Amino acid sequence: MKVSRDLFDQVMVPNYAPAAIIPVSGKGSRVWDQNGKEYVDFAGGIAVSCLGHCHPNLVNALQTQSEKIWHLSNVMTNEPALRLASKLCAATFAEKVYFANSGAEANEAALKLARRFALDNYGAEKDQIIAFDKAFHGRTFFTVTVGGQAAYSDGFGPKPGGISHAEYNNLASLEALISDKTCAVMLEPLQGEGGVISPTQEFIKGVRALCDKHNALMIFDEVQTGVGRTGHLYAYQDLGVTPDILTTAKALGGGFPIAAMLTTTEIAKHLKIGTHGSTYGGNALACAVAEAALDTVNTKAVLDGVSQREHVIREGLNAINAKFDIFSEIRGKGLLLGAALNKKYQGRAKEFLMAAADIGVMCLIAGPNVIRFTPSLVIELEDIQLGLERFEQAVANIVNS
Ligand code: PLP
């Protein structure tokens with residue numbers, strides 16, 4: 001069967017508009033398309049492929065588990081799930097884990113748990129959820145409504161209620177909304193999709209203090225920042241605050257779909273038997289791969305390597321900027337970096353992305369004005385150099401056109 005990009009338009013729901021290229025294989029941070037053209041991968045499948053493509057530890061875990069057992073219902077548990085949960089608890093503040101399949105589902109579980117926790121402890125009045133403008137928490141109707149871009153939740157009928165939005169990095173705007181009726185404040189400890197925005201220390205500590213004051217749970221959505229992305233296993237570990245609930249997905253499976261919600265025993269006990277669930281959550285194959293990914297990422301060598309690589313990429317982008325004057329700022333942390341376009345290039349991030357792909361480097365955008373880089377945490381230095389050279393060529397093509 002001939003598979004070409006045209007087939008997408010024939011057989012796929014048109015909610016995406018993928019590029020013309022169809023990648024067919026990948027190794028480390030290089031990817032090849034149907035025509036054999038090679039790309040350097042600075043996108044990592046949107047912060048998913050934390051160990052690049054086909055990392056031997058993950059391939060081995062997948063192959064080994066695939067010959068043992070793939071799936072059991074929730075009527076039974078499995079060894080990889082319990083090992084992974086134990087390791088996540090050992091490595092974080094958490095004492096309990098709930099497995100899901102995607103970031104949105106982990107967030108859905110977190111929000112439901114927060115509502116149930118508040119109902120059980122304080123009564124039905126305490127049901128308000130506060131999130132932040134530009135936040136992204138997934139595409140289920142609850143999570144997309146909690147997310148900070150109304151356009152994504154408009155047009156689907158009545159929205160879940162009790163949700164309001166404050167301004168990120170503006171504590172006063174949160175203070176104006178929060179009350180004893182607030183059951184949870186959900187935020188990313190570095191906004192990804194919203195433009196790669198780091199929180200200030202004052203803000204993040206202030207959110208924690210306001211949550212404590214009003215007995216609201218602080219939910220960290222670490223779907224994009226988690227599993228080593230910022231140079232720490234989880235971003236909260238470098239922020240001096242501990243959330244009550246944390247969600248993790250994307251890099252957790254290194255490319256195999258899995259997500260988790262982490263919390264304390266005290267909070268977790270409110271999700272009693274039958275209150276929530278998922279057929280595939282805790283799937284043995286997914287958990288086996290995630291265990292291997294966690295074991296590999298959660299080492300000093302890999303985590304320290306993230307800031308070394310950040311440094312090299314920042315230097316490269318600054319050098320490109322010195323030549324072409326296109327960025328106002330390089331921001332973010334670890335290997336979640338955003339190059340914000342200056343005034344002259346506003347709204348043109350996608351053009352840079354397309355030009356880069358033409359030359360052979362995959363990047364991402366975070367809104368119309370930011371080019372985003374989320375490569376593998378173990379990307380080889382020579383791949384970084386080659387990717388930067390290609391990116392520079394793409395920039396030159398746009399600037400000189
Ligand atoms: N939360 C954050 C911070 C994300 O960046 C994303 C995806 O980009 C999600 C949640 C949704 O994750 P998923 O697409 O796996 O449902």
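Order of appearance sets the numbers: ligands from 1, and atoms from 1 within every ligand. Small disclaimer: the values here were computed from a predicted structure and weren't measured.
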Find all protein N or O atoms under 3.5 angstrom from an N or O atom of ligand 1 and list the pairs with distances, or write 'none'.
residue, atom, partner, partner atom, Å
ligand 1, 1 (N), F136, O, 3.2
ligand 1, 1 (N), D221, OD1, 3.2
ligand 1, 1 (N), D221, OD2, 2.6
ligand 1, 5 (O), Q224, NE2, 2.7
ligand 1, 8 (O), E193, OE2, 3.4
ligand 1, 8 (O), K250, NZ, 3.1
ligand 1, 15 (O), G103, N, 2.8
ligand 1, 16 (O), G103, N, 3.3
ligand 1, 16 (O), A104, N, 2.8

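A donor-acceptor distance shorter than 3.5 angstrom exists from the side chain of K37 to the backbone of D358, with no hydrogens or angles considered.
A cation-pi contact links R139 to Y152, judged by a cut-off of 6.0 Å to the six-membered ring centre and 45° from its axis.
A salt bridge between K323 and E392 is present, with a side-chain N of the basic residue lying under 4.0 Å from a carboxylate O of the acidic one.
For H137 and F142, the distance between ring centers is not under 6.0 angstrom. Taking the six-membered ring for Trp, Y236 and F93 have ring centres closer than 6.0 Å.
Within the 4.5 Å cutoff, the side chain of L7 has heavy atoms near those of the M1 side chain.
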